[in-house]
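Notes for the one structure printed next.
The basis for the numbers below is simple: all heavy atoms, side chains too, and nothing from hydrogens, waters or symmetry mates.
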Amino acid sequence: MFDLEKWQEILSTLKQHKLRTGLTAFGVFWGIFMLVILLGAGKGLENGMTSNFGQVTNSIVIWSGRPTQLPYAGLPQGRRITLKPADVELIRSRIPEVGYAGGFNRLGGWGNEQYIVRDDNSGTFSVRGSQPGQAYLHSLNIEGRFINQLDYDEKRKIAIIGRGVQEVLFAPWEEPIGQDINIHGVNFTVVGTFTSMTTGDNAANEEEAIFIPNRTLRHAFNQAGWIGNITLVPKPGHDAAMVEEKVKTLLKEYHRVHPDDRAVFGSWNMQEFYDRIQGLFTGIQVFSWIVAIGTILAGVIGVGNIMLIVVKERTREIGLRKALGSTPGAIVSMIVQEALVITGFAGYLGLVAGVFALEGVNAYLQSIGASGNTFQRPEIDFSTALVAIGVLMLAGLLAALLPAAKAARVNPIVALQDE
């Protein structure tokens with residue numbers, strides 16, 4: 001039941017020592033404020049870093065690496081293993097943990113850009129093969145359309161160009177969809193444009209690319225007998241490292257490569273890198289909590305010390321209350337409530353100030369166009385804020401117990417004689 005007189009009494013007591021109460025509350029305020037700022041800054045870094053991964057964070061890319069280094073099954077060392085479409089079908093049929101497997105080529109190989117011409121405009125860009133419905137795999141926002149099954153089956157000469165390609169080959173007022181571009185002497189019709197879902201330099205690099213049906217690329221540019229790499233996505237609930245190892249083992253068996261010959265098939269495991277990044281930010285969060293809780297405890301200890309002084313100053317009052325019939329529980333409740341009022345109010349102000357500071361930083365980043373960098377959207381989860389307030393109130397309660405216990409033990413006769 002709400003006791004108005006008790007709350008009026010608590011506020012009156014705090015007002016009697018405004019400076020002391022304010023300085024004590026500031027220590028608690030600063031602890032919560034620092035916690036919000038540190039966690040928000042860590043989240044901003046995490047948002048910026050993870051945005052570079054795009055939509056798929058557990059993909060695996062496997063390619064043919066160095067020639068065999070060990071003889072095996074009667075075959076000499078030095079053999080060059082070439083990946084073929086049959087390898088993709090083998091993986092799909094033999095490894096049920098694989099949710100998606102596709103073969104991809106790049107015109108000219110990895111890192112080689114191609115000379116692209118459109119009327120009087122030209123530029124060098126990477127030309128990549130892809131498959132129907134795989135825009136999400138490349139983390140692309142499509143305007144127009146992406147490759148469909150008919151494009152792939154019929155080896156149609158269509159292209160989807162990035163924003164960087166569009167800016168070079170087309171004037172700002174020109175609509176690229178429906179226009180032709182020339183790739184190595186072959187005309188391709190633009191059916192879509194895209195921007196990258198990643199950020200920073202990754203986005204700029206991705207947007208200077210052209211996607212065409214992989215089957216078209218292989219047949220139009222004399223790559224029909226092989227594929228450049230195999231991209232895999234495990235089914236939900238399956239670890240990418242385990243899938244990667246199983247696929248490599250299967251390919252070694254199929255191509256008769258020695259099990260210990262590890263450099264024949266190169267690979268890139270996105271989940272492994274993503275997990276390392278997540279582990280780093282988990283460490284940052286733990287560090288932030290340690291620093292902030294230390295600051296909060298310093299403030300709360302200050303509250304406890306102030307309450308000890310309050311008990312000393314109000315010894316006669318406490319003795320009189322007990323003489324008039326107040327129970328030890330009522331005395332403890334009075335001291336604890338005063339401590340919780342200071343910690344709760346100061347903590348709430350610290351939380352609000354921290355959230356406003358993060359929102360101000362976020363608004364500033366957006367105003368200067370820096371939202372796509374490695375630091376973006378600093379924020380704090382609502383659940384984290386509740387946990388912070390809960391930790392604060394618990395610490396305030398514990399800090400108030402010693403002064404409250406001391407007040408409860410006051411002897412009324414001795415207290416009334418106190419000067």
Side-chain angles (χ1 to χ4, degrees), residues 28-61 97 99 136-137 139 196-203 232-245 267-300 347-348 350-362 364-366 370-395 398:
V28 178
F29 166 91
W30 189 250
I32 290 291
F33 179 79
M34 287 302 299
L35 174 63
V36 173
I37 295 299
L38 288 172
L39 290 178
K43 190 64 175 178
L45 287 172
E46 182 179 356
N47 289 338
M49 290 295 294
T50 55
S51 66
N52 289 317
F53 288 90
Q55 288 182 288
V56 181
T57 60
N58 63 340
S59 61
I60 306 160
V61 181
E97 294 87 356
Y136 82 97
L137 192 64
S139 298
S196 177
M197 293 183 183
T198 60
T199 59
D201 293 338
N202 281 354
L232 311 167
V233 179
K235 289 180 179 178
H238 293 282
D239 182 65
M242 179 271 293
V243 171
E244 176 188 7
E245 190 61 33
S267 62
W268 165 254
N269 188 326
M270 180 71 80
Q271 184 180 36
E272 182 179 330
F273 186 63
Y274 183 79
D275 289 344
R276 286 204 299 266
I277 294 294
Q278 291 298 308
L280 170 65
F281 286 110
T282 298
I284 291 176
Q285 287 184 347
V286 171
F287 175 77
S288 299
W289 274 100
I290 291 174
V291 171
I293 287 177
T295 307
I296 291 171
L297 289 178
V300 169
Y348 177 75
L351 176 63
V352 172
V355 170
F356 270 104
L358 293 178
E359 289 297 321
V361 171
N362 192 29
Y364 173 73
L365 291 175
Q366 291 181 352
S371 59
N373 292 337
T374 54
F375 184 86
Q376 56 181 284
R377 301 192 317 278
E379 58 192 359
I380 182 171
D381 295 334
F382 182 70
S383 58
T384 303
L386 291 181
V387 170
I389 293 296
V391 169
L392 174 66
M393 298 304 289
L394 177 61
L398 295 177

Original post:
What heavy-atom pair brings V233 and S59 nearest, and what distance separates the two atoms?
Top reply: CG2-CB, 4.3 Å
Subject >> Contacts of type side-chain hydrogen bond (donor to acceptor under 3.5 Å, both in side chains), residue Q271, not counting sequence neighbours >> reply: none
Subject >> Criterion side-chain contact (heavy atoms from CB on, under 4.5 Å) against F33, the qualifying member of V36, L35, I37 >> reply: I37
Original post:
Hey, what do you get for CG (L351) to CZ (F356), rounding to the nearest 0.5 Å?
Top reply: 10.5 Å
Subject >> Distance (rounded to the nearest 0.5 Å) between M242 CE and N269 CG >> reply: 11.5 Å
**OP:** Look up atom CD in E272 and atom CG in D239, then write down how far apart they are to the nearest 0.5 Å.
**Re:** 9.5 Å
**OP:** Enter the distance from M34:CE to L39:CG here, rounded to the nearest 0.5 Å.
**Re:** 10.5 Å
**OP:** Please report the shortest heavy-atom distance between N58 and P234, naming the atom on each side.
**Re:** O-CD, 3.1 Å
